[in-house]
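Below you'll find the structure, written out as structure tokens, and then a few comments.
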Number of protein chains: 2
Amino acid sequence: MDNIGEADMKYTNQRVEIIAFLREHKGHPTVDEVYDGVRKKLTRISKATVYKNLKFLSQKGLLEEVNVKGVTRFEANFVPHHHLICRKCGKMDDFQSEELFDYSMKIAEDIEGFSIDSMSTNFYGICKQCKEDTING
Amino acid sequence: MDNIGEADMKYTNQRVEIIAFLREHKGHPTVDEVYDGVRKKLTRISKATVYKNLKFLSQKGLLEEVNVKGVTRFEANFVPHHHLICRKCGKMDDFQSEELFDYSMKIAEDIEGFSIDSMSTNFYGICKQCKEDTING
DNA sequence: ATTCTAAATGATATTCATTATTATTTAAGA
DNA sequence: TCTTAAATAATAATGAATATCATTTAGAAT
Ligand SMILES: [Mn+2]
Ligand SMILES: [Mn+2]
Ligand SMILES: [Zn+2]
Ligand SMILES: [Zn+2]
């Protein structure tokens with residue numbers, strides 16, 4: 001069994017493949033996208049298992065759940081980063097800026113009565129693809 | 001009829017009350033909270049109307065939809081601001097920092113192939129109330 | 001290696017937030 | 001006041017997410 005962490009849980013094939021998929025796939029897949037991806041290796045996996053494990057592994061800290069426009073997505077990128085979100089197509093890209101992260105956390109230190117442990121900035125706008133689609137047809 | 005905007009739409013009592021509620025209520029109410037609030041004035045309003053109008057008015061730019069932990073919430077605070085989100089109870093407070101907003105937007109200008117028009121930072125941690133609850137019982 | 005068992009899975013049913021439908025009502029312009 | 005497209009209320013339908021439960025399995029004990 002590959003060692004994928006030290007959490008107190010069974011390392012089932014289903015969990016290993018879900019985590020592997022999210023580590024390889026550098027996007028922010030939905031439940032269905034994870035399900036379709038993992039099914040290529042584990043053809044008999046149940047969607048209920050995918051749901052349960054995505055939630056479970058997020059609680060264990062092995063994945064992160066993100067939510068955009070009412071759509072639940074998952075990722076395994078634990079390098080602090082921000083997001084570029086397209087208002088048109090809903091695409092969500094990572095955007096890394098240690099500079100912004102440090103600045104934000106410094107400001108956060110001054111907030112009273114709220115212990116902050118993490119932060120993330122969402123930038124909203126129109127992606128390159130959608131801009132081109134608007135210009136053309 | 002109170003003038004609540006110039007958008008191309010009918011200013012029904014239902015819409016007027018929904019917007020009024022969200023402008024008075026300085027939180028981030030859920031659909032049910034808006035429904036309960038508005039029902040005090042319009043006892044016969046349908047929940048489907050609340051759903052439709054919250055979505056409709058957000059698209060018209062008169063409200064904003066925010067999503068935390070899979071829960072959809074609404075607000076009418078158009079002063080650019082950030083959010084403090086409690087990991088424990090899910091509470092979402094506003095946090096205004098023009099300094100952080102300006103800094104973030106300046107960084108955003110350098111991003112290629114993505115036209116950014118707005119941004120918001122989410123700070124995650126534990127709120128005062130939940131901290132006290134942990135210490136006590 | 002074999003046995004054991006709590007935990008996990010697969011299949012399916014259930015829940016419930018959200019959307020669709022449609023007959024009736026109404027805002028707003030003529 | 002009349003007209004009518006748009007909006008509402010009531011309700012049905014949809015579908016993402018969760019619950020249930022019989023069966024399987026990871027991992028520990030023997
Ligand atoms: Mn990301
Ligand atoms: Mn807010
Ligand atoms: Zn786009
Ligand atoms: Zn809290």
Side-chain angles (χ1 to χ4, degrees), chain A residues 1-22 28-60 62-74 90 92, chain B residues 1-22 28-60 62-74 90 92:
Chain A
M1 175 59 57
D2 273 354
N3 181 25
I4 56 173
E6 296 301 323
D8 174 30
M9 63 179 200
K10 288 193 184 180
Y11 288 90
T12 61
N13 295 331
Q14 291 87 340
R15 286 175 181 169
V16 170
E17 290 301 332
I18 286 169
I19 292 168
F21 178 80
L22 278 154
H28 302 83
T30 61
V31 174
D32 280 0
E33 285 164 355
V34 174
Y35 177 56
D36 290 342
V38 170
R39 235 180 345 167
K40 285 168 187 162
K41 296 263 180 127
L42 300 173
T43 56
R44 296 189 54 71
I45 192 172
S46 165
K47 191 182 275 192
T49 299
V50 175
Y51 267 102
K52 272 181 285 194
N53 278 326
L54 286 172
K55 166 163 274 200
F56 176 85
L57 295 168
S58 297
Q59 283 165 350
K60 285 284 179 186
L62 292 166
L63 299 178
E64 281 203 48
E65 186 175 334
V66 290
N67 208 291
V68 189
K69 287 179 145 196
V71 179
T72 303
R73 298 172 178 279
F74 294 86
M92 182 182 206
Chain B
M1 176 58 59
D2 273 353
N3 182 26
I4 56 173
E6 295 302 322
D8 174 30
M9 63 178 201
K10 285 193 184 179
Y11 287 91
T12 61
N13 294 331
Q14 290 86 340
R15 286 176 181 169
V16 169
E17 290 302 332
I18 287 169
I19 291 170
F21 178 80
L22 277 155
H28 301 84
T30 62
V31 174
D32 280 359
E33 285 163 355
V34 174
Y35 177 55
D36 290 341
V38 170
R39 231 175 353 161
K40 284 168 187 162
K41 295 265 180 125
L42 301 172
T43 56
R44 296 190 56 71
I45 193 171
S46 165
K47 192 183 274 191
T49 298
V50 175
Y51 268 101
K52 272 182 288 193
N53 278 327
L54 286 172
K55 166 164 275 199
F56 176 86
L57 295 168
S58 297
Q59 283 165 349
K60 285 285 180 186
L62 291 166
L63 299 177
E64 281 203 48
E65 185 175 334
V66 291
N67 208 292
V68 189
K69 287 179 145 196
V71 178
T72 303
R73 298 173 177 279
F74 294 87
M92 181 182 207

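Chain naming here is simple, since letters A, B, ... match the order of the sequence lines and numbering starts at 1 in each.
Surrounding NZ of A:Lys69 are more than 12 heavy atoms belonging to other residues, nucleotides or ligands, all under 6.0 Å away.
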With 3.5 Å as the limit, what N/O pairs link the protein to nucleotides 19-21 of chain C?
residue: C:dT19; atom: OP1; partner: B:Lys55; partner atom: NZ; Å: 2.8

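One finds a side-chain N or O of A:Thr49 lying less than 4.0 angstrom from the OP1 or OP2 phosphate oxygen of C:dG10. Contact annotation: A:Gln14 side-chain N/O to D:dA26 OP1/OP2 distance is not under 4.0 Å. An OP1 or OP2 oxygen of C:dG10 is reached within less than 4.0 angstrom by no side-chain nitrogen or oxygen of A:Arg44. A sub-4.0 Å separation between OP1 or OP2 of D:dT8 and a side-chain N or O of B:Thr12 is present.
A straight line from NZ of B:Lys10 to P of D:dA9 spans 13 Å, rounded to a whole angstrom. Distance, A:Ile45 CD1 to D:dT24 P: 17 Å, rounded to whole Å. Between B:Ile19 atom CD1 and D:dA7 atom P there is a gap of 13 Å when expressed in whole angstrom units. At whole-Å resolution of the value, CG in A:Leu54 and C1' in D:dA17 are 12 Å apart. Regarding B:Asn13, its CG atom lies at a distance of 15 Å from the C1' atom of D:dA6, rounded to whole Å. Going from atom CZ of A:Phe56 over to atom P of D:dA19 covers 15 Å, rounded to whole Å. One can place CD of B:Gln59 at 15 Å from P of C:dT18, the figure rounded to the nearest angstrom. When the P atom of D:dA16 is taken as reference, atom NZ of A:Lys69 falls 17 Å away, rounded to whole Å.
In this structure, CD in B:Glu64 is found 12.5 Å from CG in B:Leu57, a value given to the nearest 0.5 Å. Between A:Thr49 atom OG1 and A:Gln14 atom CD the span is 6.0 Å, to the nearest 0.5 Å.
Listed candidates were C:dT18, C:dG10, D:dA7. Nearest to the side chain of B:Val31 is C:dT18. Comparing D:dT8, C:dA8, D:dA9 by their nearest atom to the side chain of A:Met9 picks out C:dA8.
Between A:Tyr11 and A:Val16, the shortest heavy-atom distance links the atoms O-CG2, 4.3 Å. Minimum interatomic distance between B:Phe74 and B:Leu22 (heavy atoms only, all atoms of both residues): O-CD2, 3.4 Å. B:Pro29 and B:Phe21 make their closest contact through CG-CE2, 4.1 Å (heavy atoms, listed as atom of the first residue, atom of the second, distance). Taking each heavy atom of B:Val38 and B:Ile45 in turn, the nearest pair found is CG1-CD1, 3.8 Å. What you find for B:His28 and B:Arg73 is that their closest heavy atoms are O-NH1, 2.9 Å.
Put simply, the side chain of A:Arg15 gets close to the backbone of A:Lys10: a donor and an acceptor are under 3.5 Å apart.
Nucleic acid contact for B:Asp32: none, since no nucleic acid atom lies under 4.0 Å from a heavy atom of the residue.
One finds a salt bridge joining B:Lys47 and B:Asp32 here, because a Lys/Arg side-chain nitrogen approaches an Asp/Glu carboxylate oxygen to under 4.0 Å.
One axis for each end of the helix from C:dA1-D:dT30 to C:dA30-D:dT1, each built from five base pairs, and the angle between them comes to 40° at 10° resolution.
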